[in-house]
Amino acid sequence: MRSLLTALNLILSGDRELFTTVGTSLSFSFFSTLFAGILGIAISTILILTRLPVRRFLISVFNSFMAVPTVVVGLLVYSLLSRSGPLGSLGWLFSPYAVILGQSIFALPIVISYLWTGYSRLDIRFFETMQTLGCSFPSKCLLVWKEAEAAIVSAILSSFGRVLSEVGISMMLGGNIRWYTRTMTTAIALEITRGEYEYALALGILLLLLAIGINTLTLRLVGPQKEMA
Amino acid sequence: MNPKGIFRIQNLKVEFNGRGELFHIPLWDIPPHDCLAVMGPNGSGKTTFLKVLSGLLSVPTGTILYQGIPIQLNRNRLAQDVTYVHQHPYLFRGSVYGNLVASLLSKPLSSKERMFRIQDTLETLGLRGYEDRDTRGLSGGEAYRVALARALVREPQVLLLDEPTAQADQEAKRIVINALQQVVRRENTALIFSTHDEDLCKDLEARILRLEEFAPCRY
């Protein structure tokens, strides 16, 4: 109980380090979701609008990647960014760039899989109507995005939530450097090992509130009324 | 080549999900400004026939020439010239006006010309005042008229309609028939529609293609 009160006190007092960590987490998640979102929307739209013979295979590959643990993604990107790796010359390892790159790779299959599911639920007559109206490819893209607006919002917010709560990539690629790459999840892991439960609890409460906020926002934007429509 | 018709159907055989051969048309020409009613009992393949002509379904067996070229080799031309309207049409999310604009995106028109065409078509189909209506709130009959307006505004060479009056009440039916009579009179569009409605065929003075006459066994 005392730990909880101390944690709440840390939050209410606006502890600078605590909220810097929250800000770092949010900005990393924002940029990685942005990059994964743009790429994921483009890839899934191309896949749904074209008759690529390998599209079913690609979707099953992306679906499989959703199950890959974050530490494996972290390890993969680490091997690319380490000094002896092919991208070592960039000097990104243990910097925000590395974390955002890793998180973007992690979020990409999530966005694509969610969108593929959403797009696949669109009525076959929708695609036939676009074809018979002679819509160009850019027009088709715009129409698909408008029809699947709820699926897009859901995919983006879900991947944002997943990225925000991951720890493996941030730890391996960011190195948990104070005031620089320390995120909420890496900080929680660190504070627990140091026995600073109150600080970890405060971060945990904030993470929980953010998760609830994202879910509430998702339901508001793509809730039952929109689904029914 | 195909001097007589905008479409030439040669040896078209359509089968349906294990139910055997639905129909077999050895040879049929559809002239450029034809008004053709496709008739037949339920399940006789009327919708399939229209979808094959529109290029939405591939030609099962046989050949269909569009302007002298097999339609599978002429898909881009077909998409620009031929417009199909489903019996239960799909309207894009948003407004009625937005739906008509979407169908003109591939046409090189000035905004003034686009607006004129849209207003004129809405007027023809009794949809004046519907511009800002959300498509999700429309009845089946209204939705069909919007879909028909969306097709007509493109001024297609060939207009394919699946049961255009099936969902219409008397007033809506009169409006649809008036609009289709205008299409027939304009003589720059071939109108091909499926129907069970003999009166509609008379009103439009349509030639009739009875699919059951091309079925291997009578229904």
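Every chain is numbered from 1 and lettered A, B, ... according to where its sequence line falls, protein lines coming before strand lines.
In A/F65, the CZ atom is not crowded: 12 or fewer heavy atoms of neighbouring residues, nucleotides or ligands sit closer than 6.0 Å. The number of heavy atoms from other shown groups lying within 6.0 Å of CZ (B/R128) is above 12. The 12-atom threshold is not exceeded at CZ of A/F31, counting heavy atoms of other residues, nucleotides or ligands nearer than 6.0 Å. Counting heavy-atom neighbours within 6.0 Å of A/F19 CZ, excluding the residue itself, gives a total above 12.
One finds the NE2 atom of B/H88 at 11.5 Å from the CG atom of A/D123 (value rounded to the nearest 0.5 Å).
Pairing each heavy atom of A/E149 with each of B/R93, the nearest pair is OE1-NH2, 3.4 Å. Taking every heavy atom of both residues into account, A/E147 and B/Y90 meet most closely at OE1-OH, 2.5 Å.
Scanning residues 126-138 of chain A against chain B with a 4.5 Å heavy-atom cutoff picks out A/F126, A/E128, A/T129, A/M130, A/Q131, A/T132, A/L133, A/G134, A/C135, ordered by number.
With a 4.5 angstrom heavy-atom cutoff, B/P89 touches chain A only via backbone atoms. Only the side chain of B/K51 comes within less than 4.5 Å of a heavy atom in chain A; its backbone stays farther off.
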